[in-house]
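Chain letters run A, B, ... following the sequence lines, proteins first, then strands; residues in each count from 1.
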Amino acid sequence: MPLLICLFLILTACSDNLWYNQATPHVSIEVLTLSDTILTKDSVYFHAKINPSKDFVNKFYWTIDAKNYTIPRLEFWEKFDTSGVYNAAFYALDSLGDTLSAGLTITVSYEPVCDNLTYEDGSDGSTIFKWHCYDNDNNALTYKFVLKDKDKNTTLRIENFWKEDSLQHDDPLPSDWEAHITATNNYGFGTKDSVWLKN
Amino acid sequence: MVKKLILLITLTLGMANAAPILMLPLESDIDSNISVLWEKSIMQILKEAAFEPVKVEQEHFAQCESIECVISAARASGAQGLFRGRLKSESKDSVSIRLRIDWLAGHSNPQTDIQSVVPLAWDQVIKSGVILKLLSGITGKNADVEHTGDKKSVIYVETNPEHAVVMLNGTAACRSPCALSDSGSIAQIAAYWDLDGNMWAAKTIARLGSKDTAKIFLELKRSYAETQIRTNPDKALVFPAGILDTKSRAIGKTPYNLQGLPGETQVRLFHKGYNDTLLNVKIDALEKQIQFVQLTPITVPQKIFEQDLLVKSQNKRNIGLGLLGGSIAPLASGILLCVLAQDDYKKARDIKKELEYPSFGKKNYEAKIKENNKAVKDGNFKRGAGAGLIGLSLLLAGVGFTMSF
């Protein structure tokens, strides 16, 4: 009987320490780059972090759709030459084969252009301002027209409108006037200030 | 009891006139008429030698288990000697005889032992001189009679292969090539050669006649010397010769094929309800022999009781040995399960190490935890079952050991 008890005790030596019942030693990822809208030819700085350390993951990489490669780095600059909406995502794989990811969107847009600014004096003392503005992606444009008296440093007129390509000002213009037109697309990109000046 | 009283009276009366010699029945497997002729002739020779032969049955010595006991009982009853003999058929015209008188008192030799192979025909028996040998042995004097067959013949025996054991009339005599001498008219010559249990043998009957010398060449052939022991009733246990006790192990059951080197050996036969029988078995060099034994039922209640005790003790010992043997399988299984349990524990340990490494804690992580838990549970189950089996085997071994020894 003592032999049996001894044998039992030996054989039942703890298997408790083999159970895994601890808290998960956690690894997480953080993408520091925010979704944004940029002009063509601009660059975006993609930046991700792995907490507590990148040494705890087996593999990590960025992907930008529409580009046929993955970037196995935490941070890098990427230039966008073509307009469009780009989905970017950061992936990390841990030692057990699980994957975490986080994504963002980069919108790339062309800058609207205004050219061919002209004005005509009317017989009744009015002035007709004409312009030609366009967006390379054919996005709709909204305009802002500002007329100023340079001598008095005052703004004579401000107009916001869209789809127009001319504007008639009925009152006689001051001797030293200045007019501005800016066109803005729906991504918020606008032209540089285009100016009519008294000839 | 009545029979013993009659025997005692006979012996007492016999002692007044002549020395009584107890004669046990001849064991015989030849023609009963010839057996009776032998018996009567021996009785007549004893009478003429001033002895009083008294026939007794085996039952008179029912309490004896050995011949020594029978001899002691005979001596105690006042007999001067105890005669026993055996006639065994050797071939269709020869018989092997063994005649033995144990002298209990008043004789210069303790024993007269005649062993020979003689012709079956009685006139040839007389010519062979064996009767004179018996007479010499009884009287203690040489029978000085001219006999044409009395001169010893020399037999040269050669065999192929050489260095075989040569037997004369069933007794090993020399190794070939060798010379034998015999005074009989017929000699049975056998030779065998044994290597690692494989035997080659040959035998022949030499009729010596008036020739002084004879040359015999034996080509040995592959032999499977054995004697089949049959009993009535059958399924008697066959034990080696020796005292039968609880530790005795049977070597088989009848019908039993006893194999061995040619010659004589002894076995003990045991059957519940019947007297133990110590059997002299002769194994022929060449031919398979059959020896038949009629077992005699036990009539003494004390012997039946002792036999029951022996059987029960043997059964208990056999069960004990069975349990001892049966404990090996659960022991082996138990040990195997414990070893397999260690494999599960190793797996659990390895998974735990993996899990302790930082991770995202998602699907694969959850699956690994389940795998770890399952491995521990499997290991625990196997270890428990293994420990149980080992415990069972120890129990069986303990009980078996106690019952066996």
Side-chain angles (χ1 to χ4, degrees), chain A residues 1-32 47-63 70 72-74 88-104, chain B residues 327 330-331 334-399 401:
Chain A
M1 182 55 96
L3 180 64
L4 280 171
I5 293 168
C6 180
L7 186 68
F8 180 74
L9 287 172
I10 288 167
L11 291 171
T12 55
C14 281
S15 64
D16 287 349
N17 62 339
L18 296 175
W19 289 94
Y20 182 79
N21 50 9
Q22 300 161 19
T24 313
H26 208 68
V27 180
S28 62
I29 62 171
E30 193 183 347
V31 168
L32 300 172
H47 186 197
K49 276 178 76 176
I50 298 172
N51 301 311
S53 166
K54 66 177 181 177
D55 297 331
F56 293 135
V57 300
N58 282 1
K59 192 176 173 185
F60 56 83
Y61 55 91
W62 280 96
T63 63
T70 59
R73 294 165 64 177
L74 284 175
F90 176 72
Y91 295 91
L93 273 77
D94 69 6
S95 59
L96 298 178
D98 284 328
T99 305
L100 266 188
S101 65
L104 59 126
Chain B
S327 70
L331 180 70
I335 290 171
L336 179 66
L337 279 173
C338 288
V339 168
L340 291 175
Q342 295 310 308
D343 284 345
D344 286 326
Y345 289 148
K346 183 178 182 304
K347 186 179 170 187
R349 206 175 289 117
D350 291 343
I351 294 173
K352 191 181 173 189
K353 255 191 190 172
E354 264 188 88
L355 289 168
E356 282 166 355
Y357 195 75
S359 66
F360 295 139
K362 296 185 83 180
K363 197 171 60 176
N364 286 347
Y365 172 81
E366 299 293 334
K368 280 285 179 182
I369 290 180
K370 281 185 185 159
E371 209 181 320
N372 164 269
N373 292 349
K374 184 176 181 299
V376 175
K377 277 184 196 161
D378 287 348
N380 285 346
F381 173 76
K382 281 175 190 151
R383 187 181 59 183
L389 283 171
I390 290 172
L392 174 67
S393 100
L394 288 174
L395 186 68
L396 288 174
V399 171
F401 186 83

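Of all non-hydrogen atoms in B:F360 and A:A92, the two that sit nearest each other are CE1-O, 3.2 Å. Scanning all heavy atoms of the two residues, the minimum distance from A:T99 to B:K362 falls at O-NZ, 3.3 Å. The nearest pair of heavy atoms linking B:P358 to A:S95 is O-OG, 4.2 Å. Nearest approach of A:Y20 to B:L355, heavy atoms of both residues: OH-O, 3.3 Å. For A:L18 against B:K352, the heavy-atom pair with the smallest separation is O-CD, 3.8 Å.
In the displayed structure, B:F401 atom CZ is contacted under 6.0 Å by at most 12 heavy atoms of other residues, nucleotides or ligands.
Neither the backbone nor the side chain of A:S53 comes within less than 4.5 Å of any heavy atom of chain B. Residue contact with chain A, scored on non-hydrogen atoms closer than 4.5 Å, involves the side chain of B:N372 exclusively. In this structure, the portion of A:D55 lying under 4.5 Å from any heavy atom of chain B is its backbone and not its side chain.
When B:E356, B:K377, B:E354 are compared by the number of non-hydrogen pairs under 4.5 Å with chain A, B:E356 comes out ahead.
Between the A:D98 side chain and the B:S359 main chain, no donor and acceptor come within less than 3.5 Å of each other.
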